[in-house]
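Sequence lines set the chain letters: A, B, ... in the order given, protein chains first and strands last, and positions in each chain run from 1. Values reported hereafter were calculated over all heavy atoms of this structure, with side chains retained and with hydrogens, waters and symmetry mates removed.
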There are 2 protein chains.
Amino acid sequence: MPKNCNFIEKLREVGLRPTKQRVEMCEVLYNREKTFHFTINDLVKLLSEKMNQKISLATVYNTVHAFEKKGYLKEISIDSHKSYFDTNTSAHHHFFDEDTHELIDCDESDIDKINIRKKITGKKINSVEVLVRVASDNQTQK
Amino acid sequence: MPKNCNFIEKLREVGLRPTKQRVEMCEVLYNREKTFHFTINDLVKLLSEKMNQKISLATVYNTVHAFEKKGYLKEISIDSHKSYFDTNTSAHHHFFDEDTHELIDCDESDIDKINIRKKITGKKINSVEVLVRVASDNQTQK
DNA sequence: TCAACAGTTTAGAATTATTATAATGTAGTT
DNA sequence: AACTACATTATAATAATTCTAAACTGTTGA
């Protein structure tokens, strides 16, 4: 597994010890074509499938938060009841499919630049994020 | 209290029984100049201050959800750990003050119309919402 | 007006997501 | 190999929310 070395290197760069669990988690999160959106629950499932040994729930939380603090992951607020995370940490917008609860990244080109006219004195803008909620076209209103 | 009658009327219109608790809640939520943003916790506090009798936590949840289903309230997702609700149910955008955890409505004119170029086949757009996160300008990075 | 019923409220238990704790284990350094 | 600081773990604790079942109350219609 030469890819592991990569992750070990990367983890070191941001000052995180490349422990078994962290490297394993990197593999699940970043060894994929597209960016990955998940809840803690999704991740726990994937990890326990992939790993030979079991991983503690607390470790998954700790590690996800360590990654978030170091800029490896970004938290997305969609549903007040679950935390979604995104392996794409750059500023970008999302589609949220209300039928499947799937989160889809927008490319830079999908949404025109947002122009904020309002200024709040003494406050600076940290981020501007758009969430487009979509649902099946022929769905009966629930 | 002639205003009560108004709320009783309005509750009936959407098919909700105008019970003591619901009318009381309407007063707290809608007898104000500006739109009101709150968490369930905020609301429970306000209600228990205002009311002579105590109100059950479960009732607050039930009633808020009843109001939401009937279009009296709108849920806003900002923080994955708390549900925020908004008495302004029209489509509009928000500023979120990360220092004070306060939510501020945007006027129509504050943000230019958002142009979504991306189409997802078989899906229709339900809503487009912008969240602008702001924080103190001279704050040391946490 | 009042009985009856359906919808409401209530307290408390249950559930779910998350965080804290404290003991044990392990990566990195010597 | 041994030391030390940081990680991991199982479990307990906490927080937000929902469920349950019994008691209560608007509304309807006799």
Nearest-Å distance for atom pair [atom1]/[atom2], residues [X] and [N]:
| X | N | atom1 | atom2 | value |
| --- | --- | --- | --- | --- |
| B/Arg22 | D/dC24 | CZ | P | 19 Å |
| A/Leu11 | D/dT8 | CG | P | 10 Å |
| A/Asn62 | C/dT26 | CG | C1' | 16 Å |
| B/Leu47 | C/dT10 | CG | P | 10 Å |
| B/Phe67 | C/dG7 | CZ | C1' | 15 Å |
| A/Glu24 | D/dT8 | CD | C1' | 14 Å |
| B/Ile55 | C/dT10 | CD1 | P | 6 Å |
| B/Lys70 | C/dT8 | NZ | P | 9 Å |

Checking B/Phe67 against B/Val14 for the side chain to side chain contact (heavy atoms under 4.5 Å, CB included) test, could you report, in this order, the C-alpha distance in whole Å, the side-chain angles of both residues, the deciding distance, and whether it holds?
CA-CA 9 Å; B/Phe67 282 5; B/Val14 296; over 6 Å; no

Of all residues at least two apart in sequence or in a different chain, which pass the side chain to side chain contact (heavy atoms under 4.5 Å, CB included) check with A/Ser56?
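Only A/Ala58, A/Thr59 meet the side chain to side chain contact (heavy atoms under 4.5 Å, CB included) criterion with A/Ser56.
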
With a cut-off of less than 4.0 Å, is there a side-chain N or O of [X] near OP1 or OP2 of [N]?
| X | N | value |
| --- | --- | --- |
| A/Lys54 | D/dT8 | no |
| B/Thr19 | C/dT9 | yes |
| A/Lys20 | D/dA7 | no |
| A/Gln53 | D/dT8 | no |
| B/Thr59 | C/dT10 | yes |

Which pairs, protein N/O on one side and nucleotides 27-30 of chain D N/O on the other, fall under 3.5 Å?
unit_1	atom_1	unit_2	atom_2	d
D/dT27	OP1	B/Arg12	NE	3.3
D/dT27	OP1	B/Arg12	NH2	2.9
D/dT27	OP2	B/Arg12	NH2	3.1

Let me know which of A/Lys34, A/His93, A/His37 forms a side chain to side chain donor-acceptor pair (under 3.5 Å) with A/Asp105.
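Going through A/Lys34, A/His93, A/His37 one by one, the side chain to side chain donor-acceptor pair (under 3.5 Å) with A/Asp105 is satisfied by A/His37 alone.
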
What I want to find out is whether [X] reaches [Y] closely enough, with some N-O distance under 4.0 Å, to be called a salt bridge.
| X | Y | value |
| --- | --- | --- |
| B/Arg22 | B/Glu27 | no |
| A/Asp99 | B/Lys123 | yes |
| A/Lys118 | B/Asp107 | no |

Check B/Leu16 against B/Ala66 and note the closest heavy-atom contact, atom names and distance.
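Between these two residues, the closest heavy atoms are CD2-CB, 4.1 Å.
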
Please list each protein N or O that sits under 3.5 Å from an N or O in nucleotides 13-18 of chain C, with the distance.
unit_1	atom_1	unit_2	atom_2	d
C/dT18	OP1	A/Ser83	N	3.4
C/dT18	OP1	A/Ser83	OG	3.1
C/dT18	OP2	A/Tyr61	OH	2.6
C/dT18	O5'	A/Tyr61	OH	3.2

Look at the rings of A/Tyr84 and A/Phe96 and say which category their plane angle falls in: under 30° parallel, 30 to 60° tilted, over 60° perpendicular.
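Geometry flag for A/Phe96 against A/Tyr84: perpendicular rings.
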
Please state whether the rings of A/Tyr61 and A/His65 are parallel, tilted or perpendicular, taking 30° and 60° as the class boundaries.
tilted

